[in-house]
Amino acid sequence: MIYLDYSSTTPISYDVLESFNKVSKEYIGNPNSLHNLGVKSKDLINNATKQISDLLNISTDEIIYTSGATESNNLALIGVALANQKKGKHIIVSKLEHPSIYKICEYLETIGFKISYVNLKEDGLVDFDDLKQKIKPETILVSICAVNSETGVRQPLKMIRQIVKKENKSCLIHSDMTQSLGKVSINLRDVDLASFSIHKIYGPKGIGILYKNTDVKLMPLIHGSNKETELRPGTPATPLISASAKAIRLSLQDLDRRETFIKRLNEKIIKELSTYEDIKINNTKYSIPHIINISLMNIKPETFIHAMEEYEIYLGTNTACSSGELSASVMAIYNDKKRASQTIRISLSHLTTTDEINQFLTHFKTVYNKLNTLVAA
Ligand code: PMP
């Protein structure tokens, strides 16, 4: 099998799974219980939270555990909107967000919030002039994805922060960092809130994190009883939390070396795919090397993906969360409907080997030529 859909989800790493299993077996107490078993679980969670806060360079009370990045995004946007609506009801997002952000925006509009979509430049970066112009005194939040899940375009969050805070000091900044953690370096001081998902970094599915700066006011979306986890109540998932600490630690190891290796694989693929007449490369110079996005102008992406599957090669269409639809990100950058409806995503990992890429390129050629002939016939 050749798995090239790592941006959709990753296989859990052996060490993380071992830790998950061990904790599930040995830490049976509810961390909210007062007895010894509860205290033992609580201590483990506190240790894991301390490790995560050290790794991300934040404090422990700035970490909220959620079920994944979709929930983190919901808590960030709706939580900020509800808690800060007296200051204003205007929110700005980019045109390169994950579909979950757009769904949240649609919901916020139904309860009286106004959403503005900041334009992009040709290279996929947020248009700073447009951003500046869209920020108003009543803007309470700007949400901009650190790395776009479809095209890999990485935004300069530090500069975005400077612009936002200069125009409106009290406006908060959220970033969906789901596709940047474990791939490129991040600095949480560039933002006030950030979303993460552990299944994207070789951890278990079903857990995410929302980073929230201590000063940020947030309204919980779920209401429960425990005071310590009042922003996201319910029994804390001890095994998932402890596995997350391990997954984050492992994902930050060798970041530069892994990126250099992945860049080499990326260059090999782009060089070869650029020779095909009817393939358009949708990455820009700001894309990270882990995510390659192409449009097959003459072949349906679903047909191509299933044909590759026969060789046990697994690719993605735009994002797994919106399969079969137009790629909003490719549309936002290139404003070309055909191009945006024909995309395939090839996402790489440090686990990908050169041999896998060679095999991928060989089978790609066979499948492409076969399907292209059928189209032409
Ligand atoms: N944001 C981005 C940028 C993503 O890539 C994804 C996963 N496709 C999500 C949010 C949703 O993450 P989860 O599956 O953890 O809800």
Side-chain angles (χ1 to χ4, degrees), residues 3-12 16 52 63-79 93-107 120 124 126 143-155 157 173-184 186 188 191 193-211 221-222 232 237 240-241 243-244 247-248 251 282-283 286-288 290-293 314-325 327-330 332-333 343-349:
Y3 184 71
L4 295 172
D5 198 17
Y6 287 97
S7 284
S8 171
T9 195
T10 56
I12 190 165
V16 174
I52 295 172
I63 293 173
I64 303 167
Y65 295 110
T66 64
S67 62
T70 301
E71 187 187 332
S72 297
N73 286 342
N74 272 267
L75 184 53
L77 270 71
I78 303 173
V93 301
S94 86
K95 292 183 177 171
L96 283 186
E97 298 303 314
H98 183 260
S100 61
I101 295 278
Y102 297 129
K103 288 283 175 203
I104 299 164
C105 290
E106 279 173 26
Y107 166 68
L120 302 174
V126 161
S143 179
I144 293 184
C145 204
V147 168
N148 172 247
S149 58
E150 293 177 49
T151 61
V153 170
R154 184 183 186 189
Q155 301 292 340
L157 291 176
I173 302 168
H174 165 255
S175 182
D176 181 346
M177 294 196 174
T178 308
Q179 294 290 350
S180 32
L181 182 64
K183 295 191 179 92
V184 289
I186 54 170
L188 288 178
V191 295
L193 302 112
S195 304
F196 300 102
S197 180
I198 304 302
H199 74 86
K200 306 279 184 183
I201 56 161
Y202 312 90
K205 291 163 181 56
I207 182 153
I209 286 175
L210 178 65
Y211 154 70
L221 305 184
I222 298 171
R232 210 285 198 164
L240 289 175
I241 292 171
S244 297
I248 295 176
S251 82
N282 297 321
N283 299 99
Y286 294 107
S287 297
I288 62 167
H290 312 64
I291 299 174
I292 295 174
N293 192 303
Y314 298 93
L315 307 170
T317 44
N318 41 46
T319 68
C321 312
S322 65
S323 295
E325 292 170 19
S327 158
S329 307
V330 173
I333 300 176
T343 62
I344 280 182
R345 183 177 68 176
I346 303 149
S347 44
L348 309 172
S349 155

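For ligands, and for the atoms within them, numbers begin at 1 and follow the listed sequence.
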Participant: Please name all residues satisfying side-chain hydrogen bond (donor to acceptor under 3.5 Å, both in side chains) with Ser175, sequence neighbours left out, ordered by chain then number.
Facilitator: none

Participant: Answer yes or no: does an N/O atom from Gln179 fall short of 3.5 Å to an N/O atom of ligand 1?
Facilitator: yes

Participant: Rounded to the nearest 0.5 Å, how far does OG of Ser244 lie from CZ of Phe196?
Facilitator: 12.0 Å

Participant: So is Thr70 polar-close to ligand 1, meaning N/O to N/O under 3.5 Å?
Facilitator: yes

Participant: Enumerate the atoms of ligand 1 whose separation from the nearest heavy atom of Thr178 is less than 4.0 angstrom.
Facilitator: 1 (N), 2 (C), 3 (C), 4 (C), 6 (C), 10 (C)

Participant: Please identify which atoms of ligand 1 are closer than 4.0 Å to at least one heavy atom of Gly68.
Facilitator: 15 (O)

Participant: When you look at Gln179 and Ile288, which way does the side-chain contact (heavy atoms from CB on, under 4.5 Å) test go after all the steps?
Facilitator: CA-CA 10 Å; Gln179 294 290 350; Ile288 62 167; 5.6 Å; no

Participant: Counting heavy atoms only, which of His199, Met177, Lys205, His98 comes nearest to atom 14 (O) of ligand 1?
Facilitator: His199

Participant: For Leu96 and Ile333, run side-chain contact (heavy atoms from CB on, under 4.5 Å): C-alpha distance rounded to whole Å, both residues' side-chain angles, the deciding distance at 0.1 Å, then the answer.
Facilitator: CA-CA 8 Å; Leu96 283 186; Ile333 300 176; 4.1 Å; yes

Participant: As an exercise, state the distance from CD1 of Ile104 to CD1 of Ile101, rounded to the nearest 0.5 Å.
Facilitator: 5.0 Å

Participant: For Ala69, which part has a heavy atom under 4.0 Å from ligand 1: side chain, backbone, both, or neither?
Facilitator: both

Participant: As a check for students: among Glu97, Lys200, Glu71, identify the option with a heavy atom nearest to atom 7 (C) of ligand 1.
Facilitator: Lys200

Participant: Atom 10 (C) of ligand 1: which of Asp176, Ile291, Ile198 has the nearest heavy atom?
Facilitator: Asp176

Participant: For His290, which residues count as a side-chain hydrogen bond (donor to acceptor under 3.5 Å, both in side chains) partner, sequence neighbours excluded?
Facilitator: none

Participant: Suppose I only count heavy atoms of Ser197 and a 4.0 Å limit; which atoms of ligand 1 are within that range?
Facilitator: 13 (P), 15 (O)

Participant: Tell me if a side-chain donor or acceptor on Glu97 pairs with a main-chain N or O of Cys145 at a distance below 3.5 Å.
Facilitator: yes

